[in-house]
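Residue numbers run from 1 in the order of the sequence given.
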Amino acid sequence: MQGRNAGKVLIAAFLCFFSVLSFAAEASFFREFKGTLRMQDTPRAAFSNLNNTGVSGMRWLVVQLQYSPHIPAGREAAFYDNVTLEGAVLVDSVAPDGSARVVLFTGKTRFWSMALDNRRRTELMVIAPQMLERYMPGVTRNSDMFVARLRFIAPGNVILGEQFIGKRISEDKMRQLFIQAMGENSSVVKVDGGLFSQWQSPWAAADLDVRDLSRQETK
């Protein structure tokens, strides 16, 4: 019963029943900037990449971003220091009493430096299965239930790129969805820090040669 009720509140009003779509980000700063959502098993203790899956049945929500910072015209190389990846994920759920609710998970990853070299990079942000069970008890989960927003923020609160991942609705409606959820008068359940950085996840050591160096800070 809870699973049937989980998709009938705020997000469902916007999302309807369309396929997953990623929107393009700031073309001037990134040659590529796209994200995906998936549910993934906890990897085995011995793993080398994201294709190895575990046997525990514990499934994480994985938000994966691929991006290629653009080299400025007339320069051979450049760097952007102290860049932050800010993530937010919205999902319809149910409260313990069976009533409908929306949950907002947020998190940040800070980087020492980002090389503007046109190379493709990747980075994950994840929600742990224990966290999903805490805020989505008894709900059958799949990646289509979630909506994500990823932003690269430079010092001075400059948005270098923004990506929305989720159902096929306009980017403006997705943006409005997050504005409403993050407002002071919002009734959304906010779980600050519930969206983990890759270095906090079982994939902390994966793909290190195609990732920018994170500071491993949580605040």
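- Under the 3.5 Å distance criterion, with hydrogens and angles disregarded, no donor-acceptor pair is assigned to the side chains of W60 and S201.
- Put simply, CZ on R110 and CG on D212 are 15.5 Å apart, with the number rounded to the nearest 0.5 Å.
- Remark: the backbone N or O of A181 is paired with a side-chain donor or acceptor of S186 at under 3.5 angstrom.
- The CG atom of L213 lies 8.0 Å from the CH2 atom of W112; values are rounded to the nearest 0.5 Å.
- Counted by atom type alone, D207 and T122 present zero donor-acceptor pairs between their side chains at under 3.5 Å.
- Residues P69 and L116 come closest through the heavy atom pair CB-CD2, 3.6 Å.
- One finds the CD1 atom of I159 at 4.5 Å from the CD1 atom of I153 (value rounded to the nearest 0.5 Å).
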- I165/V63 under side chain to side chain contact (heavy atoms under 4.5 Å, CB included): CA gap, chis, key distance, verdict: CA-CA 9 Å; I165 314 162; V63 187; 4.0 Å; yes
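- Remark: the backbone N or O of F79 is not paired with any side-chain donor or acceptor of S113 at under 3.5 angstrom.
- When side chains are defined from C-beta on, R175 counts as touching E162, because their heavy atoms get closer than 4.5 Å.
- Of the possible polar contacts, one joining the Q200 side chain to the S197 backbone as a donor-acceptor pair under 3.5 Å is found.
- Of all the heavy atoms in L37 and A148, the pair that sits closest is CD2-CB, 4.2 Å.
- Between R141 and P129, every side-chain heavy-atom pair lies at or beyond the 4.5 Å cut-off.
- Contact check for V147 versus V91: no side-chain heavy atoms found under the 4.5 Å cut-off.
- In this structure, F33 and L65 have side chains that are in contact, with non-hydrogen atoms separated by less than 4.5 Å.
- A distance of 10.0 Å separates CG in D117 from CZ in R31, rounded to the nearest 0.5 Å.
- We find the CH2-OG distance between W199 and S214 to be 7.5 Å, quoted to the nearest 0.5 Å.
- At a threshold of 4.0 Å, the pair E32-K34 counts as salt-bridged, since one of the basic side-chain nitrogens sits closer than that to a carboxylate oxygen.
- Residues F164 and L150 are not in side-chain contact: their nearest non-hydrogen atoms beyond the backbone lie 4.5 Å or more apart.
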- Item | Check against side chain to side chain contact (heavy atoms under 4.5 Å, CB included), F146 and L61 | CA-CA 9 Å; F146 299 86; L61 178 75; 3.6 Å; yes
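- In this structure a side-chain-to-backbone donor-acceptor pair under 3.5 Å is missing from R215 to T84.
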- For side chain to side chain contact (heavy atoms under 4.5 Å, CB included), just list the numbers for E123 and Q64, CA-CA rounded to whole Å, side-chain angles, deciding distance to a tenth of an Å, and then say yes or no. CA-CA 6 Å; E123 191 70 25; Q64 183 167 15; over 6 Å; no
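- At least one side-chain heavy atom of M125 sits less than 4.5 Å from a side-chain heavy atom of T109.
- To the nearest 0.5 Å, the span separating CZ on F178 from CG on L104 amounts to 7.0 Å.
- In this structure the side chain of L132 reaches within 4.5 angstrom of the side chain of M39, judged on heavy atoms.
- The two residues N118 and S68 come nearest to each other via the heavy atoms O-CB, 3.8 Å.
- Results of the side chain to side chain contact (heavy atoms under 4.5 Å, CB included) test with Y67 over Q163, R119, M114, R120 single out M114 as the only residue that passes.
- Outside the 6.0 Å centre-distance limit, the rings of F152 and Y80 are not counted as a close aromatic pair.
- Using a 3.5 Å distance cut-off with no hydrogens or angles, the side chains of R59 and Q40 do not pair a donor with an acceptor.
- Side-chain atoms of V102 and L90, non-hydrogen and from C-beta on, do get closer than 4.5 Å to each other.
- Side-chain contact, D192 with T106: a donor N or O sits under 3.5 Å from an acceptor N or O.
- Nearest approach of P43 to W203, heavy atoms of both residues: CD-CZ2, 3.5 Å.
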